[in-house]
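The next block holds one structure in the form of structure tokens; read it before the comments.
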Amino acid sequence: PKPDEVTFGTVLAACERSGEWEELLRIAKAAIEYGVKLDGMALTSALHACQQLGLAEDALEYLELMKQLGDEDFPITRGRQRMGAKQKLHGPDAVAYRLAISACARAPGGHRWQDGIRLLNEMRTSKYKNCAPDVVAYTAAIAGCSEAGEYTSAMQLIQTMRQEGIQPNVVTFSAVINACASASANLARKREEEDRSIAMEDVRLPMTRALKLLEAMKSPTSSIKPNIVTYNAAIRACAEGLNLAGAFDLLRQLKEDGLEPTIVTYGSLMTACERMGDVEAASKVFRMVKEDDGGNDNDDIQANEIIYGAAISCCRKARQPERALLLLRKMISDELSPNTATFNTVVAALAEGKPDSKIDNNILWEKALAVFKVMKSKHAPPGVAPNRQTYNILVRCLAANLQPGYAESLLTAMRKDGFVPDVDLYTLTVRSYERCGNPMKALRLMESMREVGYHFYEVKMLDDAFKNGVKILNQVGRGFSSEDTSTVRGPFFSADDDDMDYFGDQEDDGYDEDEYDYQLLNSLKY
């Protein structure tokens, strides 16, 4: 027999109970393509999957399918009725709307928050039974505002709830405070991008609103007291509002209220340290984590990738590249998995920093290359590999430090990895060759630019360099094929051969990759 709506509904229910959300949606789409019209309960299962996966567009489509059910009589498999609801579903109910609103709230970046509010308003005027919005629906819509940083809309929804006689709960208030944190984060990011219209007071305003809401919850007349999630959201608001002292004060308050900090608490505190570039405060957070880990025998209170990543970024802001490097090495030794962004932050810290002494083994660009090589090695954590940002940072650093040979080899490696270098990377490398007194190599590099579609005569600096190189060629009577006796040396490679690819595959001449990578990992020690 052919599968019908009951068959598909039963399978979808089984997927829902086992949490196989992607498989559930695959089967639901297959049923629709097969021509089966799913019943209300099956569509609710599909909405649940969309909610779990944050698939707003799919959720809206399934909600529309529920609206098309009308008054047709669809069989419902025995045992699949929602508890306390024996009637058949002839359209979306409150559960379906709540799931759809939550799916919109969970969309990446909260970009579908307005759809969530639209659905909330639709519930008020719905022709279907039992569709009036409740605290769960409102909280889901506010969570969407939270993701998007739309804190004013979140607070307006709180007022509307109260006007309708719906009492917000602690989850609702926590979502509003988190919306304030996201708003401060968005404004701070725009301000860093040199949006002169945004003042520091604008960045701090959402944080101030969040702290006032927290105080209202703590007042003796309030029936809803903050929990650890509320405090974590408030600490994040302080972090994004650049209020480091306020973040630490909230840690004190939550302990006085008898709450235990979580790893999220310490992660938010470390974010506050990172935003201010306060390395000493970051060290304090590490000590707190260690004390909680040792004092409570709680495996959940251990520094994780988020805490280390924020601390490394803090070191970069504080111009302490050696400490950033040490933290990366500590992550690896603790068997954590730093991602590419964390590696890039360390590379950037080393590239931007100044060495602590003039000792050769303390040259920061050498250590930046060591980190790069680890990213390319088999010892790299899963998913870690140099990306465009990695190459951009390193090429600029090497060119500025008069290491054009390494910079050019990285341009080659960059192209092998599928990234087309920007013309300014070529420009900086050519200029570095000129400053090192190697016009022949500068000319050769400009010729190689044609392979990626660049023409040096379109860039004034490169055109001037070309003319200068041609002048030298005419004077010495030699062309591009001439031997260049200059030698470029670096910390890990000898480049006596002018055409050697410093970062490419090496010939099999006794080179032990495992041993080499091990030495590179050791080079992170100092």
State whether Arg189 and Glu192 are salt-bridged, where the test is any N-O pair (Lys NZ or Arg NE/NH1/NH2 against Asp/Glu carboxylate O) under 4.0 Å.
no

Could you check Met207 against Ile177 for side-chain contact (heavy atoms from CB on, under 4.5 Å), going step by step and ending with a plain yes or no?
CA-CA 8 Å; Met207 175 201 69; Ile177 292 174; over 6 Å; no

Arg209, CZ atom: more than 12 neighbouring heavy atoms under 6.0 Å:
no

d(Glu5 CD, Leu38 CG) to nearest 0.5 Å is 8.5 Å

May I ask you to decide whether Glu122 forms a salt bridge with Lys67, counting only side-chain N to carboxylate O separations under 4.0 Å?
yes

Charged N to carboxylate O below 4.0 Å: is that the case for Glu22 and Arg26?
no

Flag this pair as yes if the NZ/CZ of Lys29 is under 6.0 angstrom from the six-membered ring centre of Tyr34 and inside a 45 degree cone about the axis; otherwise no.
no

Do the side chains of Arg112 and Glu57 get close enough for a salt bridge, i.e. N-O under 4.0 angstrom?
yes

Working for side chain to side chain donor-acceptor pair (under 3.5 Å), residues Arg204 and Asn243
CA-CA 8 Å; Arg204 292 178 179 271; Asn243 183 3; 5.1 Å; no

With a 4.0 Å cut-off on N to O distance, would you call Asp134 and Arg98 a salt bridge?
yes

Side chain proximity check, Lys317 to Glu274, heavy atoms < 4.5 angstrom
yes

Does any N or O in the side chain of Ser182 come within less than 3.5 Å of the main-chain N or O of Ala179, such that one atom is a donor and the other an acceptor?
no

As an exercise, state the distance from CD1 of Ile142 to CD of Glu150, rounded to the nearest 0.5 Å.
13.5 Å

Could you list the residues that satisfy ring-ring contact (aromatic ring centres under 6.0 Å, His included) with Tyr391, not counting sequence neighbours?
Phe372

Flag the pair Glu164 and Arg124 as a salt bridge only when some basic side-chain nitrogen lies within less than 4.0 angstrom of an acidic carboxylate oxygen.
yes

So, does Ser184 use its side chain to make a donor-acceptor pair with the main chain of Val203 at under 3.5 Å?
yes

Are Tyr151 and Val176 close enough, and set up right, to give a side-chain contact (heavy atoms from CB on, under 4.5 Å), and what steps lead you there?
CA-CA 7 Å; Tyr151 78 102; Val176 174; 6.0 Å; no

Take Gln253 and Asp257, measure what side chain to side chain donor-acceptor pair (under 3.5 Å) needs, and give me the verdict at the end.
CA-CA 6 Å; Gln253 291 183 38; Asp257 287 351; over 6 Å; no

Dump the intermediate steps for side-chain contact (heavy atoms from CB on, under 4.5 Å) on Lys330 and Leu326, then the final yes or no.
CA-CA 6 Å; Lys330 185 72 167 61; Leu326 178 62; 5.7 Å; no

Do other residues, nucleotides or ligands put more than 12 heavy atoms under 6.0 Å from the NZ atom of Lys218?
yes

Could you walk me through whether Val36 and Lys2 pass the side-chain contact (heavy atoms from CB on, under 4.5 Å) test, one step at a time?
CA-CA 10 Å; Val36 172; Lys2 294 182 179 181; over 6 Å; no

Do Cys50 and Leu99 have side chains that get closer than 4.5 Å, going by heavy atoms?
no

Could you list the residues that satisfy ring-ring contact (aromatic ring centres under 6.0 Å, His included) with Tyr308, not counting sequence neighbours?
Phe286

Work out which heavy atom in Met331 is nearest to a heavy atom in Ile312; give both atom names and the distance.
SD-CD1, 4.0 Å

Shortest non-hydrogen contact between Ser268 and Ile235, atoms and distance
CB-CG2, 3.6 Å

Per side-chain hydrogen bond (donor to acceptor under 3.5 Å, both in side chains), Asn387 is matched among Asp417, Thr340, Asn392, Asn344 by Asn344

